[in-house]
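These notes are about the structure you will find just below.
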Amino acid sequence: MFTGIIESLGIVKAIEKEGENIHLTITSSISKELKIDQSVAHNGVCLTVVACDEYSHVVTAIQETLDKTNLSSWKVGEAINLERAMKLGDRLDGHIVQGHVDQIATCIDKVDQDGSWLFTFEYDKKMNNITIEKGSITVNGTSLTVVNSGINTFSVAIIPYTYEHTVFKNIIIGSIVNLEFDVIGKYVTKLASLTN
């Protein structure tokens, strides 16, 4: 489990293909603290550390992960959001995040609001995911509050701290991001559909 509060930025140092899988080497300030078998969210994708040293760590993504996330489009030198799994008893500053990406979305608007930024994303409505006004959403692993919720669009307002300390500063119109919808909202929606 994660909280959606980004701990560090990582940089993709190497990408190695092996059969259907890819191995990603990531450099970050937290790499030296990681251990093999730990779960770390990479742009919201929960991946297991398979190797690590003082400066970097390696994770492996299988085809299922590549098909459902933006991971297959990552390039060497790209910055990504990192968060280690939460500790039992820690404060839950964001919201409950599983690290299981539901689908991808495209940034369709980015507005500088003189002190904050409003990002709007569009996603495929065929997957029956929804956002709720003032509910939670995870975008590239970052816990955010939904504004302007639509049928297959939503916006999020980004404060300067989040903009500077996450990959939001690199997101432009046309960027593909990972979405994890609020797990509580997903279950409420599922229950509602079963009772109708």
Side-chain angles (χ1 to χ4, degrees), residues 1-87 90-95 97-107 110 117 119 121 137-144 156 158-180:
M1 297 289 263
F2 304 91
T3 67
I5 303 299
I6 302 307
E7 194 173 350
S8 173
L9 284 176
I11 302 295
V12 179
K13 181 181 174 184
I15 301 171
E16 180 186 338
K17 189 162 176 56
E18 181 183 28
E20 295 283 310
N21 302 336
I22 63 168
H23 305 291
L24 297 146
T25 302
I26 311 293
T27 60
S28 77
S29 62
I30 64 169
S31 292
K32 63 181 173 285
E33 300 171 32
L34 299 180
K35 296 179 179 144
I36 292 172
D37 286 339
Q38 275 189 308
S39 295
V40 178
H42 296 71
N43 269 3
V45 184
C46 179
L47 297 169
T48 302
V49 175
V50 297
C52 52
D53 61 31
E54 187 177 351
Y55 305 105
S56 63
H57 65 276
V58 179
V59 291
T60 300
I62 62 172
Q63 192 62 48
E64 166 85 1
T65 303
L66 299 174
D67 290 343
K68 293 190 174 177
T69 69
N70 68 0
L71 208 145
S72 61
S73 68
W74 292 2
K75 307 275 189 272
V76 171
E78 185 165 349
I80 56 170
N81 291 327
L82 297 176
E83 181 192 359
R84 287 179 282 187
M86 65 183 291
K87 295 177 185 173
D90 276 359
R91 288 186 181 92
L92 183 60
D93 292 322
H95 71 282
V97 176
Q98 295 179 298
H100 303 159
V101 172
D102 293 305
Q103 65 184 103
I104 56 173
T106 303
C107 179
K110 177 180 180 179
W117 290 262
F119 288 80
F121 297 96
I137 186 77
T138 307
V139 178
N140 274 355
T142 309
S143 173
L144 299 164
V156 290
I158 304 298
I159 63 172
Y161 182 88
T162 304
Y163 191 83
E164 287 302 320
H165 291 88
T166 70
V167 297
F168 270 93
K169 62 181 169 284
N170 301 325
I171 294 175
I172 59 172
I173 293 172
S175 292
I176 305 299
V177 298
N178 294 321
L179 298 182
E180 181 181 329

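Side chains are part of it too, since the values below use all heavy atoms of this structure and drop only hydrogens, waters and symmetry mates.
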What distance do [X] atom [atom1] and [Y] atom [atom2] have between them, rounded to the nearest 0.5 Å?
{"X": "Ile11", "Y": "Thr27", "atom1": "CD1", "atom2": "OG1", "answer": "6.0 Å"}
{"X": "His100", "Y": "Thr65", "atom1": "NE2", "atom2": "OG1", "answer": "9.5 Å"}
{"X": "Glu78", "Y": "Asn170", "atom1": "CD", "atom2": "CG", "answer": "8.0 Å"}
{"X": "His57", "Y": "Thr48", "atom1": "NE2", "atom2": "OG1", "answer": "11.0 Å"}
{"X": "Ile104", "Y": "Ser73", "atom1": "CD1", "atom2": "OG", "answer": "8.0 Å"}
{"X": "Ile158", "Y": "Leu144", "atom1": "CD1", "atom2": "CG", "answer": "4.5 Å"}

Are [X] and [Y] side-chain neighbours, meaning at least one heavy-atom pair lies under 4.5 Å?
{"X": "Phe2", "Y": "Ser39", "value": "yes"}
{"X": "Val177", "Y": "Asn43", "value": "no"}
{"X": "Thr69", "Y": "His42", "value": "no"}
{"X": "Leu47", "Y": "Leu71", "value": "yes"}
{"X": "Ile6", "Y": "His165", "value": "no"}
{"X": "Glu33", "Y": "Arg84", "value": "yes"}
{"X": "Val12", "Y": "Ile26", "value": "yes"}
{"X": "Val156", "Y": "Ile137", "value": "yes"}

Looking only at atom types and distance, does a side-chain atom of Lys110 sit under 3.5 Å from a main-chain N or O of Phe119, one as donor and one as acceptor? no

Parallel, tilted or perpendicular for Phe168 and Phe121, by the 30°/60° rule? perpendicular

I need the minimum non-hydrogen distance between [X] and [Y], along with the two atoms involved.
{"X": "Thr60", "Y": "His23", "result": "OG1-ND1, 2.8 Å"}
{"X": "Glu7", "Y": "Ile30", "result": "OE2-CG2, 4.0 Å"}
{"X": "Lys35", "Y": "Gln38", "result": "N-OE1, 2.7 Å"}

Before you tell me yes or no, could you show the steps for Ser8 and Ser29 under side chain to side chain donor-acceptor pair (under 3.5 Å), namely the whole-Å CA-CA distance, both residues' side-chain angles and the distance that decides it to 0.1 Å? CA-CA 7 Å; Ser8 173; Ser29 62; 3.1 Å; yes

Within 6.0 angstrom of Lys17 NZ, more than 12 heavy atoms from elsewhere: yes

